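Since this is a predicted model, take the numbers as computed values, not measurements. Just so we're on the same page: letters track the sequence lines, and every chain starts at 1.
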Amino acid sequence: MTISERSRIDRYEPAAIEPRWQERWAELGLGEAELRDESRPKYYLLTMYDYPSGDLHVGHWYVKTPTDAIARFHRMHGENVFFPVGFDAFGLPAENAAIGRGVHPAEWTYRNIDTMRRQLRSMGAAFDWDSEVVTCDPSYYRWNQWLFLRFLEAGLAYRASATVDWCPNDGTLAREQVEGADRHCWRCGAPVEKRDLDQWFLRITRYADELLDFSGIDWPEPIRVMQTNWIGRSDGAEAVFTTAADEVQPGGDELRVFTTRPDTLFGATFMVLAPEHALVERLTHPERRPEVEAYVARAERETEIERLSLEREKTGVFSGSYAVNPVNGERIPIWIADYVLAGYGTGAIMAVPAHDERDFAFARRFGLPVRRVIAPRELAGEPDDGPTMAQAYVSKSQDDLLVNSGPFDGLGAPAAFAAIVERLSAEGRGRAAVSYRLRDWLISRQRYWGTPIPVVYCERDGIVPVPYDRLPVRLPETVDYAGRGENPLRRDAGFVETTCPRCDGPARRETDTMDTFVDSSWYWYRYLSPGKTDGPLDRDLELRWCPVDQYTGGAEHAVMHLLYSRFFTKALADLGVVHEREPFRRLFNQGQVLGADGERMSKSRGNVQDPDELVARYGADTVRLFLMFMGPWDQGGPWSPTGIGGVHRFLNRVWTSMLDPHGVEAGDPEAGRLPAGESAESAARALRSTAHRTLRTVTAEYLEFRFNTMVAHLMELSNALFRYRGTEVAGSAAWDEAARLLLLMLAPAAPHVAEELWARRLAARGEAGRSIHGESWPAVDEAAVVEATREVPVQVNGKLRDRVVVPAGIAEADLERLVLERAKVRAALAGHQLVRVVHAGGGRLVNIVVR
RNA sequence: GCCGAAGUGGCGGAACAGGCAGACGCGACGGUCUCAAACACCGUUGAGGGCAACCUCGUGCGGGUUCAAAUCCCGCCUUCGGCACCA
């Protein structure tokens, strides 16, 4: 476009229009749901709330702006859309800032929230700000405490000992605060110790089986698989071994083991206890004590990663004691090894080296016997090859038979499983059992910046919950870190010293605060009534609005947050607080935008891409559209601004087509002329067809969150319009319809430019101004999409040889005759014998098979 | 090591449900307009061959099924994400 022509219309300048529309939408209350309005279908759209780190980067835009497009798309379908935002405001970074720089965590947090609110507004996203939730506010965390008390009453909260990483100077350390292979404190460098503390747990394991059931919710398969594996249900049996009497001890102690293969019980040739097992000390013979104690001490210092490494050679020590196998009375040695974990099953195993790889490696390393008890049917008669086996036989074939198993020889493995469990049960030496990998949720944190756990410790009454009417237990406003990482609440006499609600005697407050995952396990309920003072949530609104229709957020929360949220919902349903047993009906996990270096974006890595400069240069609409166009939304990928100019050019062309349909491009010799052989009528028909076909495709793509192809299809429609610019088609009814559809389809994704062009369009027609975001989503005119002819590719032996344009409704026989007459086809067929003609995909393609 | 996801032009990516590989965009090259530019416009652009019409090859590698494979099956390799030696 030349300068003279360009000057006929305004340039597309996002900076001049975007802030204006953002203000207008705020005035209109576009983002605010009418929660009590029941005349329209509800749509609760939730996007994971953010930690207010203070640096809003393109990653936040990547997560939030497509979600905003979803919200706007649903509003255009007449739905009452609830699309709230909030801040996950408790947590470690605020505390680190306080320790390191002396800023109060609250000040740091609220300052960041202010910055993020401003940046979030620049996205042009129509959030429901009236429903905003900030979790560090007492009006929110009060209800964490309320919920905790309900859990406590229901037996879902309890106190137990748990091991933490401990620094003598800085107290409990989070995993990220333990650094280096030598495991030193991030702040003071002291070697990290282990310490057992009494802490609070929530009994998520009570819901293990229900959490395995995903029926009724539409969640991605990989997430369901990950949660299923995390819960890790194993069906097997518990078998009770007893310790054998010897010169040191009388024997008879029970050693319970969990096994998924009770059918291999006759193959148990030794036992292994976790180093932490309660009976280790008692079973260790005096002469073996120094070695065992050294081994246990070493295992304690190891990181879980080291201990769980498969690469490492197996280690272990013999205790000196023996155990008796409950099925055959055999005496087998008891070993202690770190490959058995205290936290899983019973912390002890029966080792069946012939049929378990880990046990096999251990047996070979320490020269322990190997006995085959399971064999494929055809090898069942062979002598025991245990001593010479090169690897464990871990087949779970239905055809395997038991061998070397006394009365059970010859039984099929599945039958033997049942028979052996039955015998154990009958003799009181075991039973069928289920084990889970899932452990109860440790919610105690030894930190200031979190929700105080509302209990006191009374000398007389013990653990006493703070009464509901005395909530919230507030964090003290002044906090003295004294430059250390240790929980300052412990030293805060004004906080700690209190009276017992029951006896009024002296008592000490709990100084542990809650894991921030508690905050995020129910925040979507609070969004519905954030200011409610007589309860955590409004039951009527919860009944009407929950479950959440669509939840979107990063896949990094696949297990913990999403599993805890499901647990909370089920527990709250059982407590009568909510109605539904699943929080999120449909889930979509986006990928992550990484830094240009391919690493996760973070301030410390210095690879954060600030959207502000891109917005200043291209406008929010271009940035939004570019992030959608980058690739499939669930994939993410390294950030690169390459190509953003192309998206900007697209919006520019839309702008030009809409405002100057009759202009011509000086750079194009064909400008203003229809393509050869095309009449105004056929061009108009083609344009209508393209517009409605695009509408059909784009509608589906919005619903399936396939934003990258959605943008591509809008580009195609825009290109079609642009091509006809300056011709007699421009300004025709067909042109006008295509332009209208393009703007409506663009509105959810690029809301400002669509709104601006819509306003000008209405003004040009002398119509009253109204927001495009209040318009109805258009309907496809199926008749316009139907085409008179279509092109059929013709293959010979699967190779493309020709294309033929035929009437849309042509019969197969006619098509075949036509195809066989084509010169190119005949050339390809020459010298071959025709075998058959395949009409594939309902006549979409013809393949001629020859010999 | 196990589990999950994925490997397609120079790049991001597209391809409904086995049916025309490379949509859309970037970059590059050539051109238009311009004193000069680009946040403007037009054209070309998978590789190789041919004056051309066209031909051959081509979706990580090796096999297979099929009239037809990026897509399904078997065996490998690589990358990313997650992690539990779970008995």
Output field: ring centroids A:Y12/A:H648 closer than 6.0 Å: yes
Does the side chain of [X] get closer than 4.0 angstrom to OP1 or OP2 of [N] through an N or O atom?
X: A:R358; N: B:G1; answer: no
X: A:R649; N: B:A40; answer: yes
X: A:R706; N: B:A15; answer: yes

Write down the distance separating the C1' atoms in B:G22 and B:G58, rounded off to the nearest Å. 11 Å
I'd like to compare against my own output: the B/S/- annotation of nucleotides 55-60 of chain B with a strict under-4.0 Å heavy-atom distance to protein. SSS---
Candidate nucleotides [options], ranked by approach to the side chain of [X] - the nearest:
X: A:Q635; options: B:C26, B:G13, B:C86; answer: B:G13
X: A:F629; options: B:G4, B:A14, B:G25; answer: B:G25
X: A:W230; options: B:A87, B:C83, B:A5; answer: B:C83

Dot-bracket for RNA chain B, please. Rules: Watson-Crick or G-U, both distances under 3.5 Å, ( ) within the strand, [ ] when a pair crosses earlier ones, | for another strand, . otherwise. (((((((..(((......[....)))((((((.......))))))((((....))))..(((((..]....))))))))))))....
In this structure, how many angstroms lie between the [atom2] atom of [N] and the [atom1] atom of [X], rounded?
X: A:M350; N: B:C86; atom1: CE; atom2: P; result: 15 Å
X: A:N797; N: B:U66; atom1: CG; atom2: C1'; result: 12 Å
X: A:F626; N: B:G13; atom1: CZ; atom2: C1'; result: 12 Å
X: A:R723; N: B:C24; atom1: CZ; atom2: P; result: 9 Å
X: A:R256; N: B:A87; atom1: CZ; atom2: P; result: 19 Å

Please work out whether B:G9 sits syn or anti, treating a glycosidic angle within 90° of 0 as syn. syn
Using a 4.0 Å heavy-atom cut-off across all strands, classify [X] as base, sugar-phosphate, or nothing.
X: A:N847; value: base
X: A:R696; value: nothing
X: A:M715; value: sugar-phosphate
X: A:N719; value: sugar-phosphate
X: A:E357; value: nothing

Would A:R624 count as a cation-pi partner of A:W61, with NZ or CZ less than 6.0 Å from the six-membered ring centre and within 45° of the ring normal? no
Between A:Y393 and A:R372, is there a cation-pi geometry (under 6.0 Å to ring centre, at most 45° from the normal)? yes
Which residue, A:F650, A:F707, A:Y618, A:W639, forms the ring-ring contact (aromatic ring centres under 6.0 Å, His included) with A:F626? A:W639
